[in-house]
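A short write-up of the structure that comes next.
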Amino acid sequence: MKRNLLKAAVLAFSGAIAVAAMPAMAEDAKSLDELLKMVKQGYATDARENKEREQRFAAARFDQQKTLEEAKRTLAAEEKRSSDLEKTFEENESVIVEKQRQLKERLGTLTELFGHLTSTAGDLRSNFLSSIISVQFPQREQFVDDLINKMAGAEELPSIEEIERVWFELQREMTESGRVVKFKTPVTSAGGESAEQEVVRVGTFNMVNADGEYLQYISETGALAVLSRQPSGPYMGWAEDLAGSTSGMSAFGVDPTGPTGGSYLAALIDSPTLTERWHQGGVVGYVITAVGALAMLIAIWRLIVLSIEDMKVASQLKTTKANTNNSLGRVLKVHEDNPTMDPETLELKLSEAILKETPRLENSLNLLKIIAAVAPLLGLLGTVTGMIITFQAITIFGAGDPKAMAGGISGALVTTVLGLVVAIPTVLLHTFVSGRAKKIIHVLDQQTTGIIAEHTEGHAGN
């Protein structure tokens, strides 16, 4: 019945297609007979095509039924397999619990031993990663990692040989920490080039190459590199002597706080030099330096001038004839030119001569005094300016990095140091130069007083 209905539907659909196509065929037909013939041919073609479609529909229906049955069989098989796996999983869980119980019973007191062994191995691994001895004995931490992983998995117990090797590595680390040895290993230069060099290792403290350069151990890569900046002072000479010696005693700089792998040396290298600290003073520091240099030049110049003048005055004291190449001679020249002048007038003339000589002797002394007073003020100005800049940076970036803050404050205080360094010597130089000038002026006063006294006695006698 369903088949007949399907066939009727297909025929009706074909007829609808034929009727819809008739206007197109009617346009090509030239007569009614020709049109009838065309319709008949179209009907036969549609019937054949409909029959072929029915056959394809029936075949597809059979294939779908076959696929559905196959899917049902697969579902049943997978459900059975899932049930078997769940049963196996439960059985394995029971076995694991039983095996763990047996392992715990058999380990007994060894559990505490393996706990200590795991802790020791962990500490040993950390020590190996930071120790420069690992350059000479690489891949030591790999053994410790394997041992820790084995004990953590609890699938296999460590052997006696592995436990003894832990003791051996501990003993070797202690032994090597007290030895000075030479060996060859790749070293990265400051330019980034790697080459094999002979190095000297001093315990767990420092390492130097054959050229006397200090080396840095990079724990992340296990490589050696030449320090980009070598320490100053006697450290380089000590390193060269140690690299060139084969026996005996040699002075060498090591980290006094303990085997930190050269961290103390790195901190020493990071310390700024005097030139770098001077540059930290900035513009104010440069001004203070220029003022200090000016004060030094003035002081040296005045010392030379006054020393020459002092020698000339000393020479003048040895003769009674006035010489105008010195201040005392020019003062005595007044008396020689006016031998008959009354004492009061002569005293005024001599005082006038001394007053003329005093500015020449005290030339630039006031400038030295001003520089000595201004230099600390300039230093204070630089400090205040630097502190303002530091607090502005804290406002912007926060106070999370004390090292950066300390660097800014240190730079700000450099100007105060420069100001004091300039002011203190300038005060001393001013005092010394002023003493020289006052000494000469005192001689002029002394000689003038004597001349007036002699002239007064002579005038009274006449």
Task: Pair Lys369-Val427, side chain to side chain contact (heavy atoms under 4.5 Å, CB included): steps then yes or no - done: CA-CA 7 Å; Lys369 186 186 295 184; Val427 170; over 6 Å; no

**Message:** Set out, in order, the CA-CA distance, both residues' side-chain angles and the distance that settles side chain to side chain contact (heavy atoms under 4.5 Å, CB included) for Arg201 and Glu176, then state yes or no.
**Reply:** CA-CA 10 Å; Arg201 176 179 58 81; Glu176 293 295 332; 2.6 Å; yes

**OP:** Mind running salt bridge (charged side-chain N to carboxylate O under 4.0 Å, His left out) on Lys87 and Glu90 for me, showing each step along the way?
**Re:** CA-CA 5 Å; Lys87 183 178 179 181; Glu90 292 175 357; over 6 Å; no

After noting the C-alpha distance and the side-chain angles of Gln447 and Leu317, does the key distance pass the side chain to side chain contact (heavy atoms under 4.5 Å, CB included) rule?
-> CA-CA 9 Å; Gln447 293 298 317; Leu317 290 173; 3.4 Å; yes

Fill in: Step-by-step salt bridge (charged side-chain N to carboxylate O under 4.0 Å, His left out) determination, Glu309 to Lys312
CA-CA 5 Å; Glu309 185 69 17; Lys312 290 180 179 181; 5.3 Å; no

| request: List the steps, then state whether salt bridge (charged side-chain N to carboxylate O under 4.0 Å, His left out) holds for Glu161 with Arg165. | output: CA-CA 6 Å; Glu161 291 77 10; Arg165 185 175 177 183; over 6 Å; no

Review point. What's the verdict on salt bridge (charged side-chain N to carboxylate O under 4.0 Å, His left out) for Lys72 and Glu69, showing C-alpha distance, side-chain angles and the deciding distance?
Key: CA-CA 5 Å; Lys72 290 180 179 180; Glu69 293 175 356; over 6 Å; no

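For the pair Val208/Leu215, no side-chain contact is recorded, criterion being any heavy-atom separation below 4.5 Å from C-beta on. In this structure, the side chains of Val187 and Thr185 come closer than 4.5 Å at one or more pairs of heavy atoms. Between Glu169 and Phe137 the shortest side-chain heavy-atom distance does not fall below 4.5 Å. A 4.5 Å side-chain heavy-atom check between His442 and Lys438 finds every atom pair outside the cut-off. Between Val226 and Thr188, every side-chain heavy-atom pair lies at or beyond the 4.5 Å cut-off. In this structure, Glu357 and Leu328 have side chains that are not in contact, with every pair of non-hydrogen atoms separated by 4.5 Å or more.
Contact between Gly329 and Ala322 at its shortest, heavy atoms only, is O-CB, 3.5 Å. Ala373 approaches Leu377 most closely through the heavy-atom pair O-CG, 3.6 Å. For Leu350 against Ile452, the heavy-atom pair with the smallest separation is CD1-CG1, 3.7 Å. In terms of heavy-atom proximity, Ala437 sits nearest to Leu365 at CB-CD1, 4.2 Å. A pairwise comparison of heavy atoms in Arg330 and Thr324 identifies NH1-O, 2.8 Å as the closest pair. Across every non-hydrogen atom of Pro186 and Leu224, the tightest pair is O-CB, 4.0 Å.
Side-chain N or O atoms of Asn127 include none that pairs as donor or acceptor with a backbone N or O of Asp123 at under 3.5 Å. A donor-acceptor contact shorter than 3.5 Å links the side chain of Ser189 to the backbone of Glu193. For Thr415 (side chain) and Thr383 (main-chain N/O), a donor-acceptor pair under 3.5 Å exists by modelled atom type.
By the 6.0 Å contact criterion, CZ on Phe183 is enclosed, its count of non-hydrogen atoms from other residues, nucleotides or ligands being greater than 12. In the displayed structure, Ile160 atom CD1 is contacted under 6.0 Å by at most 12 heavy atoms of other residues, nucleotides or ligands.
Partners of Glu162 by salt bridge (Lys or Arg N to Asp or Glu O under 4.0 Å), not counting sequence neighbours, listed by chain and number: Lys150. Qualifying side chain to side chain contact (heavy atoms under 4.5 Å, CB included) partners for Glu196, counting only residues two or more places apart in sequence or in other chains: Lys184. By the side chain to side chain contact (heavy atoms under 4.5 Å, CB included) test, Val421 is found to be paired with Val417, residues two or more places apart in sequence or in another chain being considered. Here Ile298 pairs with Leu294, Arg302, Ser364, Leu367, Leu368 under the side chain to side chain contact (heavy atoms under 4.5 Å, CB included) rule; sequence neighbours left out. For Lys439, the salt bridge (Lys or Arg N to Asp or Glu O under 4.0 Å) criterion is met by Asp310, not counting sequence neighbours. Not counting sequence neighbours, the partners of Glu79 by the side chain to side chain contact (heavy atoms under 4.5 Å, CB included) test are Leu75.
For the atom pair CH2 (Trp278) and OG1 (Thr289), the distance works out to 5.5 Å, reported to the nearest 0.5 Å.
Under the side chain to side chain donor-acceptor pair (under 3.5 Å) rule, Asn323 has a single partner from Asn326, Thr319, Asn325, which is Asn325.
At a cut-off of 3.5 Å, with distance as the only test, no side-chain donor of Ser327 or Arg360 sits close to an acceptor on the other residue.
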